[in-house]
Undergrad: 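Supplied in structure tokens, the structure appears directly below.
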Amino acid sequence: MSLHNSLPGSPALTTVRSRFVQKIQQFDVYPKQLEEIKVKSNFGAAVTIFGSIFVLYLLINEVSEFMNPAREDVLIVNHNRDERMKINVRMTFFNLNCKTLTLDVADKFGENQNPATIFKTIQKQPYKGDFTTLWSSLKQEYPNLETFDFEKLLWDTMWADATNTPLAGKGYALFQKVFKNIKAKGRDDGKEGCMLKGYMEVNKVEGNFHLAVGESHSENGGHHHHWAAETRHLGFNATHYIHHLSFGEPFPGVLHPLDGYWYTEEGLASQQQYFIQVVPTKYIKSNRAEIDTNQYSVTYHRTPIDPLSPMNTRLPGVFFKYQISPLLIKIEEKPRSVSHFITRVCAVIGGVWVVLGMLYASARTTLSKIVKKKE
């Protein structure tokens, strides 16, 4: 071969390149059709538009799943029993003023916390107003609001109204305006209630906290309340509303069964008991940050009391009795990998168009046969 024939652009080199390209083209799994033989139809266009919308819908779902990590729940034995537990409470009593209301905490080991200690972390605030009308009207105004969001808005607005403090934050301005309009139309029966908010630090063992009649005191290792005989005819109207009750810090998706619970006293006095099963919970976020907290389930029971009966030995009040489960729920966020996300996206796009292509071809074939039979 001469030097001239091997130079770039020579016929021999061009032939070699052409054969090489042809060999490569044999691996093309996407053969092209000439534009002249392509036939476009309205039916095909409709299928394409439908497929595009359906693919977009599925892709949005995939992105949403990718952005929200999956959660894995595991139940294990709880070996950590020496820690303290935080009880968060927000309640309103409608017929008991703040001077009458006392709060005590006691556990099975005999550790008692008296009101003087508890009210260092729990605030009391007098409240007046027709809460029944207020609550029902606000529920009608905001029927689609989640319980947790509604109770937070309601509590913060009531507290700001009782303390004459301004409110700031998303959603508060409109809610406060509606609140004030409804309250102005409500009737005032002259009764003064009491709002409680704050937290208590307790041992993480079986115990209770209660709001009961009379002054409390400890004697001979026991916890007692003194209810003066001359005031028993007044009864103890413990009608109350639980805005929020939780054990520990919040975490995504947690539910508080007693949030928004309303108890109405039907007699002169009674003993309302809440039996709470506290389940320790460890929540692990996708960034490996941990939240040690608790969930709970609850049942309740009301026992009517005749305070004028000499045979009565029960103490009127509201009792929250809690037990700690020996098991622990471990909830861990499992972020989805990028490769898994890309695989699912490709599967969605490819799968939709393959299936629609098969359906489209079958439909055209069937329609063609029907037309030929008619002819």
Side-chain angles (χ1 to χ4, degrees), residues 85-96 98 101 103 121-183 186 192-200 209 211 238-265 272 274-279 281 283 291 293-300 318-320 322:
M85 181 171 65
K86 186 178 181 181
I87 303 176
N88 308 292
V89 59
R90 294 197 296 265
M91 297 178 65
T92 300
F93 287 81
F94 305 109
N95 298 288
L96 298 174
C98 291
L101 207 57
L103 177 60
T121 56
I122 290 186
Q123 295 177 264
K124 293 195 292 186
Q125 176 62 43
Y127 184 79
K128 289 184 178 181
D130 182 6
F131 184 81
T132 305
T133 302
L134 183 66
W135 182 87
S136 59
S137 300
L138 285 171
K139 273 292 187 182
Q140 292 176 3
E141 288 286 337
Y142 298 90
N144 300 320
L145 203 59
E146 293 290 338
T147 299
F148 177 80
D149 297 328
F150 177 82
E151 293 306 329
K152 189 175 188 310
L153 281 170
L154 177 61
W155 173 265
D156 290 344
T157 307
M158 285 178 61
W159 189 269
D161 178 67
T163 57
N164 293 316
T165 55
L167 267 177
K170 185 179 179 181
Y172 282 111
L174 180 59
F175 193 90
Q176 190 174 29
K177 182 179 179 180
V178 176
F179 175 93
K180 288 184 176 181
N181 289 339
I182 295 173
K183 187 180 179 183
E192 181 180 277
C194 187
M195 303 172 69
L196 297 174
K197 81 165 182 177
Y199 67 92
M200 297 166 278
F209 64 95
L211 301 107
T239 297
H240 60 270
Y241 186 80
I242 303 174
H243 299 266
H244 176 72
L245 180 68
S246 63
F247 295 77
E249 301 301 322
F251 64 88
V254 65
L255 297 176
H256 306 298
L258 282 176
D259 284 14
Y261 181 76
W262 195 325
Y263 170 78
T264 302
E265 182 59 71
Q272 172 71 359
Y274 297 94
F275 300 96
I276 300 171
Q277 186 71 36
V278 179
V279 183
T281 303
Y283 190 90
I291 302 175
T293 184
N294 305 279
Q295 302 179 75
Y296 70 92
S297 61
V298 61
T299 57
Y300 30 83
V318 181
F319 293 78
F320 296 85
Y322 52 87

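In this text, all values refer to a predicted model and were calculated from it rather than measured experimentally. Any value given below was found using the heavy atoms of this structure, including those in side chains, with hydrogens, waters and symmetry copies removed.
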Undergrad: Would you check, one step at a time, whether the test side chain to side chain contact (heavy atoms under 4.5 Å, CB included) holds for W159 with K197?
TA: CA-CA 9 Å; W159 189 269; K197 81 165 182 177; 3.5 Å; yes

Undergrad: Side-chain donor-acceptor pair under 3.5 Å between T293 and E249, yes or no?
TA: no

Undergrad: With under 30° as parallel and over 60° as perpendicular, where do the rings of Y261 and Y300 fit, or are they tilted in between?
TA: tilted

Undergrad: When you check the side-chain N and O atoms of E265 and Y263, is any donor under 3.5 Å from an acceptor?
TA: yes

Undergrad: Can you name the nearest heavy-atom pair linking E151 to Y241, along with the distance?
TA: OE2-OH, 2.5 Å

Undergrad: Should the ring pair F209 and Y322 be called parallel, tilted or perpendicular, given that the plane angle runs from 0 to 90° and is split at 30 and 60?
TA: tilted

Undergrad: Without swapping roles, check the side chain of T264 against the backbone of T239 for a donor-acceptor pair under 3.5 Å.
TA: no

Undergrad: So Q277 and V298, side chain to side chain contact (heavy atoms under 4.5 Å, CB included) or not? Walk me through it.
TA: CA-CA 6 Å; Q277 186 71 36; V298 61; over 6 Å; no

Undergrad: Take L211 and F319 through the test side chain to side chain contact (heavy atoms under 4.5 Å, CB included) and record every step on the way to the result.
TA: CA-CA 7 Å; L211 301 107; F319 293 78; over 6 Å; no

Undergrad: Taking V279's backbone N and O only, do any of them form a donor-acceptor pair with T281's side chain (distance below 3.5 Å, no angle check)?
TA: yes

Undergrad: Any chance the side chains of Q295 and Y283 put a donor and an acceptor closer than 3.5 Å?
TA: no

Undergrad: Parallel under 30°, tilted from 30 to 60°, perpendicular over 60°: which one fits the rings of F93 and H240?
TA: tilted

Undergrad: So, S246 and N88: side-chain donor and acceptor under 3.5 Å apart, yes or no?
TA: yes

Undergrad: If you compare all heavy atoms of H256 against all heavy atoms of L245, which two are closest, and at what distance to 0.1 Å?
TA: CB-O, 3.7 Å

